[in-house]
Amino acid sequence: MEVRFLPGAQMTHQVVLFLNLFISFFLIFLDLKNKINKKNIIILFLLIIFLNILVRAYLSYSVYLDWSRNDIGKLLLKNFNYFIFYVFSKYFYEFFLSIFFGAIFVFLMFIFDVIFKKTIFYEEEFFVIFSAVILASWPFNIFYPLLFFLFVFFIFFVKILIMGNSFVKAKISVRKFHFIFSAFLIIMNLLFANKLIFLKIS
């Protein structure tokens with residue numbers, strides 16, 4: 001149930017997307033300066049989680065304030081479970097889906113890396129991927145694996161053409177591109193998320 005006539009209901013997931021887009025551009029800048037490494041990526045990952053929870057909590061509180069200022073909203077707040085369901089479905093469920101999806105993808109990439117004798121990823125890259133998937137945001141982050149593998153195969157064939165057989169011992173890495181992927185997918189989310197409405201429940 002979408003309560004569109006209440007002021008707080010006009011605040012959308014776009015606020016979170018713009019936050020994550022800003023973070024992605026900031027991390028791209030840090031990566032270009034070689035400031036992201038295995039020592040600080042966990043801190044950056046936790047900061048991404050914290051900021052995403054914080055902005056969603058702020059949006060939820062804004063809805064609560066808006067509802068508490070009018071008669072219809074006060075009536076709805078009497079059933080506080082409805083308010084919890086509303087803000088969870090609107091601001092939090094996509095975030096938890098992204099974490100779940102990111103964890104599965106990172107696990108599969110770890111297995112993939114083991115199969116290829118650790119020639120694909122750097123040690124800190126799994127947290128970089130996890131961070132990028134969360135930033136990319138649901139529902140377009142489901143396309144992250146496709147974007148990732150297309151780029152890996154592109155790098156693979158370019159290295160064959162340039163390096164010949166000597167490419168076997170080189171890493172086929174897209175380490176510097178993950179936050180570029182997240183920024184691209186966030187923009188796709190901003191432009192086309194409504195086209196994937198079947199993946200939403202809010």
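Small disclaimer: the values here were computed from a predicted structure and weren't measured.
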Practice task
Please step through side chain to side chain contact (heavy atoms under 4.5 Å, CB included) for the pair Ile99 and Phe130, ending with a clear verdict.
Solution key: CA-CA 8 Å; Ile99 292 176; Phe130 204 172; 4.2 Å; yes
Handout entry: Ion pair check, Arg175 and Glu125, cut-off under 4.0 Å
Key =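 Looking at Arg175 and Glu125, the cut-off is not met.
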Identify whether [X] and [Y] are in the same connected component of the hydrophobic contact network (ILVMFWY, side-chain heavy atoms under 4.5 Å).
{"X": "Ile43", "Y": "Tyr122", "value": "no"}
{"X": "Leu146", "Y": "Val133", "value": "no"}
{"X": "Leu150", "Y": "Phe184", "value": "no"}

Work out which heavy atom in [X] is nearest to a heavy atom in [Y]; give both atom names and the distance.
{"X": "Ser60", "Y": "Phe92", "result": "OG-CE1, 3.4 Å"}
{"X": "Gly73", "Y": "Asn70", "result": "N-OD1, 2.7 Å"}
{"X": "Ser131", "Y": "Ile41", "result": "OG-CD1, 4.4 Å"}
{"X": "Pro139", "Y": "Asn189", "result": "CD-OD1, 3.2 Å"}
{"X": "Asn141", "Y": "Ala136", "result": "CB-CB, 3.7 Å"}
{"X": "Leu135", "Y": "Ser24", "result": "CD1-OG, 3.7 Å"}

Problem - Passing candidate, side-chain contact (heavy atoms from CB on, under 4.5 Å) with Tyr91, options Val16, Val55, Asn52, Val63 - result: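 It is Val63, the one option of Val16, Val55, Asn52, Val63 that forms the side-chain contact (heavy atoms from CB on, under 4.5 Å) with Tyr91.
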Problem - Name of the residue among Phe105, Phe110, Phe181 meeting side-chain contact (heavy atoms from CB on, under 4.5 Å) with Ile129 - result: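 Looking at Phe105, Phe110, Phe181, the match for Ile129 under the side-chain contact (heavy atoms from CB on, under 4.5 Å) is Phe105.
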What is the ring orientation for [X] with [Y], classed by angle as parallel under 30°, tilted 30 to 60°, or perpendicular over 60°?
{"X": "Phe154", "Y": "Phe151", "answer": "tilted"}
{"X": "His178", "Y": "Tyr144", "answer": "parallel"}
{"X": "Trp138", "Y": "Phe101", "answer": "perpendicular"}

What's the spacing between [X] [atom1] and [Y] [atom2] if we round to 0.5 Å?
{"X": "Ile23", "Y": "Leu51", "atom1": "CD1", "atom2": "CG", "result": "5.0 Å"}
{"X": "Phe29", "Y": "Ile36", "atom1": "CZ", "atom2": "CD1", "result": "11.0 Å"}
{"X": "Leu47", "Y": "Asn40", "atom1": "CG", "atom2": "CG", "result": "11.0 Å"}
{"X": "Leu17", "Y": "Glu94", "atom1": "CG", "atom2": "CD", "result": "8.0 Å"}
{"X": "Ile142", "Y": "Leu185", "atom1": "CD1", "atom2": "CG", "result": "10.0 Å"}
{"X": "Leu27", "Y": "Lys35", "atom1": "CG", "atom2": "NZ", "result": "14.0 Å"}

Exercise for the section: Determine, step by step, whether Phe80 and Phe83 satisfy the ring pair (Phe, Tyr, Trp, His ring centres under 6.0 Å) criterion, reporting the C-alpha distance in whole Å, the side-chain angles of both residues, the deciding distance to 0.1 Å, and the verdict. Expected result: CA-CA 5 Å; Phe80 200 70; Phe83 169 76; 5.3 Å; yes
Problem - Asn20 and Ser137 side chains, donor-acceptor separation under 3.5 Å - result: yes
Practice task
Kindly indicate whether the side chain of Phe179, heavy atoms from C-beta on, has any atom under 4.5 Å from the side chain of Phe25.
Solution key: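 A side-chain contact under 4.5 Å is absent here.
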Problem - Residue pair Val128 / Phe45, side-chain heavy-atom distance below 4.5 Å - result: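 Side chain of Val128 against side chain of Phe45, heavy atoms only: no contact under 4.5 Å found.
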Over 12 non-hydrogen atoms of neighbours within 6.0 angstrom of [atom1] in [X]:
{"X": "Asn79", "atom1": "CG", "value": "yes"}
{"X": "Phe149", "atom1": "CZ", "value": "yes"}
{"X": "Phe126", "atom1": "CZ", "value": "yes"}
{"X": "Phe112", "atom1": "CZ", "value": "yes"}

Practice task
Begin from the C-alpha positions of Ile53 and Ile49 and carry the test side chain to side chain contact (heavy atoms under 4.5 Å, CB included) through to its verdict.
Solution key: CA-CA 6 Å; Ile53 291 175; Ile49 297 292; 3.9 Å; yes
Problem - All pairs passing salt bridge (Lys or Arg N to Asp or Glu O under 4.0 Å) where residues 176-186 contributes a residue, at least two apart - result: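 The answer is Asp31-Lys176.
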Practice task
State yes or no: are the ring centers of Phe100 and Tyr93 separated by less than 6.0 Å?
Solution key: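 No; Tyr93 has its ring centre 6.0 Å or more from that of Phe100.
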Exercise for the section: Evaluate ring pair (Phe, Tyr, Trp, His ring centres under 6.0 Å) for Phe148 paired with Phe121, printing each intermediate quantity in order. Expected result: CA-CA 12 Å; Phe148 170 82; Phe121 301 106; 5.8 Å; yes
Practice task
Show the numbers, then the answer: is there a ring pair (Phe, Tyr, Trp, His ring centres under 6.0 Å) between Trp67 and Tyr86?
Solution key: CA-CA 12 Å; Trp67 288 18; Tyr86 178 82; 5.1 Å; yes
